[in-house]
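Structure record follows, encoded as structure tokens.
Bear in mind that the values here come from a model prediction, so they are computed numbers and not experimental data. In what follows, every heavy atom counts, from backbone to side chain, and hydrogens, waters and symmetry copies are set aside. Sequence lines set the chain letters: A, B, ... in the order given, protein chains first and strands last, and positions in each chain run from 1.
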Number of protein chains: 2
Amino acid sequence: MAKPNSPITEHLAYLLAQANREINRQLELRLSKEGVPVEQWRILKVLSDGNGHSMGELADAVLLNHPTLTKMIDRMVSDTLVYRVQDPNDRRKVLMFISDRGKVLCKKLNSLAVDQEEHILESYGDKSTSELKRLLESLIDSSN
Amino acid sequence: MAKPNSPITEHLAYLLAQANREINRQLELRLSKEGVPVEQWRILKVLSDGNGHSMGELADAVLLNHPTLTKMIDRMVSDTLVYRVQDPNDRRKVLMFISDRGKVLCKKLNSLAVDQEEHILESYGDKSTSELKRLLESLIDSSN
DNA sequence: TTGAAAATATTGAATATTCAAGAATTGAAG
DNA sequence: CTTCAATTCTTGAATATTCAATATTTTCAA
């Protein structure tokens with residue numbers, strides 16, 4: 001008998017891509033109110049601990065390749081949202097810091113993002129959301 | 001008292017992006033054995049039902065914008081994996097079909113993808129995987 | 001101490017994606 | 001019928017991303 005080839009919509013990789021696309025689209029829509037791409041919000045959020053973060057560290061944290069990050073940071077420096085400082089302990093590294101202007105923007109973006117999370121909680125449910133988060137974390141863990 | 005700003009790693013949007021990136025990276029790695037990007041595998045898989053699918057339908061199914069799909073299909077036509085036929089019932093539409101060569105390739109890709117799914121099942125577990133799939137489907141549903 | 005290898009970030013060329021506009025066809029209202 | 005709006009797909013220009021190569025600094029073994 002013929003093996004019924006599972007449709008693409010049943011693959012985990014596809015479901016993840018689809019869910020990610022949809023949620024990201026919604027978030028993008030909100031952040032566009034401030035004219036900021038999702039990646040820049042991530043960068044600002046990571047830097048908003050006030051510490052310096054190297055480019056490599058940042059690239060990992062915000063899920064961008066090094067060259068892509070470099071060019072995005074160039075733009076953000078032009079917009080005076082962040083600034084570069086050479087790491088005094090290891091001069092190969094560049095430490096990124098958030099500016100005051102960046103902090104102000106980040107706050108606005110955070111509340112837009114919180115809006116979205118709340119909207120998800122409403123339509124999707126408290127329980128499902130936290131369970132999904134748990135499973136995603138554990139999937140990520142098990143992939144390393 | 002200060003509101004502790006939740007780190008980016010706790011946002012659903014971030015967890016989805018991270019999981020998607022990782023799983024996609026793994027799949028990419030396997031499919032690269034045949035030199036095919038993930039999106040092309042999706043296209044072949046959708047077309048492998050043997051029916052004609054319009055570009056709009058395909059774009060939705062494989063999570064690509066229209067112009068991006070058009071250009072990717074151009075490449076696949078050059079590689080004789082798929083071909084275009086004008087829809088006789090609505091001449092605005094183009095129906096895409098998979099070629100014999102495309103079918104052969106798709107089979108090979110399917111087994112590479114199955115390898116990955118099995119690898120995930122092993123390291124992540126049967127139960128978690130099906131539960132995660134269920135939650136993702138329901139998230140996608142609730143977003144429409 | 002020196003010199004080769006590793007780590008870090010950036011650059012430039014090649015490639016891919018996106019946005020806005022265009023061409024062709026259909027639908028449907030007057 | 002005719003015309004105008006909507007649908008479908010493609011194109012070209014602008015933008016963004018990636019790959020490979022480069023420059024700089026550090027590490028570490030000989």
Side-chain angles (χ1 to χ4, degrees), chain A residues 17-18 20-22 24-29 31-32 35-43 46-47 51-79 81-97, chain B residues 17-18 20-22 24-29 31-32 35-43 46-47 51-79 81-97:
Chain A
Q18 196 181 1
N20 178 51
R21 186 179 162 91
E22 180 56 28
N24 202 58
R25 197 190 57 74
Q26 288 174 19
L27 181 55
E28 216 164 44
L29 198 66
L31 299 191
S32 72
V36 176
V38 175
E39 291 78 12
Q40 290 198 14
W41 170 58
R42 288 201 197 120
I43 293 171
V46 170
L47 296 186
N51 299 324
H53 294 262
S54 75
M55 291 297 280
E57 205 185 323
L58 250 191
D60 283 351
V62 304
L63 314 176
L64 288 177
N65 298 345
H66 284 222
T68 306
L69 178 63
T70 292
K71 285 156 192 173
M72 181 158 286
I73 288 288
D74 286 347
R75 279 169 247 148
M76 295 177 76
V77 169
S78 297
D79 296 341
L81 297 172
V82 299
Y83 57 94
R84 291 177 162 98
V85 174
Q86 174 143 269
D87 185 338
N89 296 119
D90 183 342
R91 279 148 59 220
R92 290 171 302 183
K93 294 187 184 175
V94 172
L95 297 180
M96 297 305 312
F97 289 90
Chain B
Q18 197 182 0
N20 178 52
R21 187 179 160 91
E22 179 58 27
N24 202 59
R25 197 190 56 75
Q26 287 174 18
L27 181 55
E28 216 164 44
L29 197 66
L31 299 191
S32 71
V36 177
V38 175
E39 290 79 11
Q40 290 199 13
W41 170 60
R42 289 201 197 121
I43 292 170
V46 169
L47 296 186
N51 300 323
H53 294 262
S54 75
M55 291 295 280
E57 205 186 323
L58 249 191
D60 284 350
V62 304
L63 314 176
L64 287 177
N65 299 345
H66 285 219
T68 307
L69 178 64
T70 292
K71 286 155 190 171
M72 181 159 285
I73 289 288
D74 285 347
R75 279 168 248 149
M76 295 177 77
V77 169
S78 296
D79 295 342
L81 297 172
V82 298
Y83 56 94
R84 290 178 163 98
V85 174
Q86 175 142 269
D87 186 338
N89 295 118
D90 183 342
R91 281 147 60 217
R92 289 170 301 183
K93 294 187 184 174
V94 173
L95 297 181
M96 297 305 311
F97 289 90

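Between Glu28(A) and Arg25(A) there is no salt bridge, since no side-chain nitrogen of the basic residue lies less than 4.0 Å from a carboxylate oxygen of the acidic one.
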Pairwise N/O distances under 3.5 Å, protein to nucleotides 15-17 of chain C:
none

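Counting only heavy atoms from C-beta outward, the side chains of His66(B) and Met55(B) never approach each other to under 4.5 Å. Ile73(B) is listed as a side-chain neighbour of Leu58(B), based on a closest heavy-atom distance under 4.5 Å. Side-chain contact between Val94(A) and Asp87(A): absent, with no pair of heavy atoms (C-beta onward) separated by less than 4.5 Å.
Between the CZ atom of Arg91(A) and the P atom of dT8(C) there is a distance of 16 Å, given to the nearest Å. Taking atom NE2 on His66(B) and atom C1' on dA21(C), their separation rounds to 16 Å, with Å as the unit.
The structure places NZ of Lys93(A) at 7.5 Å from CD of Glu57(A), a figure rounded to the nearest 0.5 Å.
Between Thr70(B) and dT11(D) there is no side-chain polar atom (N or O) within less than 4.0 angstrom of OP1 or OP2.
Nearer the 5' end of DNA chain D, as judged by each residue's closest nucleotide, is the contact made by Pro67(A), out of Pro67(A) and Asp90(A). Checking Asp74(A) against Lys93(A), the closest nucleotide of DNA chain C that is more toward the 5' end is the one next to Lys93(A).
Side-chain N/O atoms of Arg92(A) and base N/O atoms of dT24(D) include no donor-acceptor pair closer than 3.5 Å.
Between the side chains of Glu22(A) and Gln18(A), no donor-acceptor pair of N or O atoms lies under 3.5 Å.
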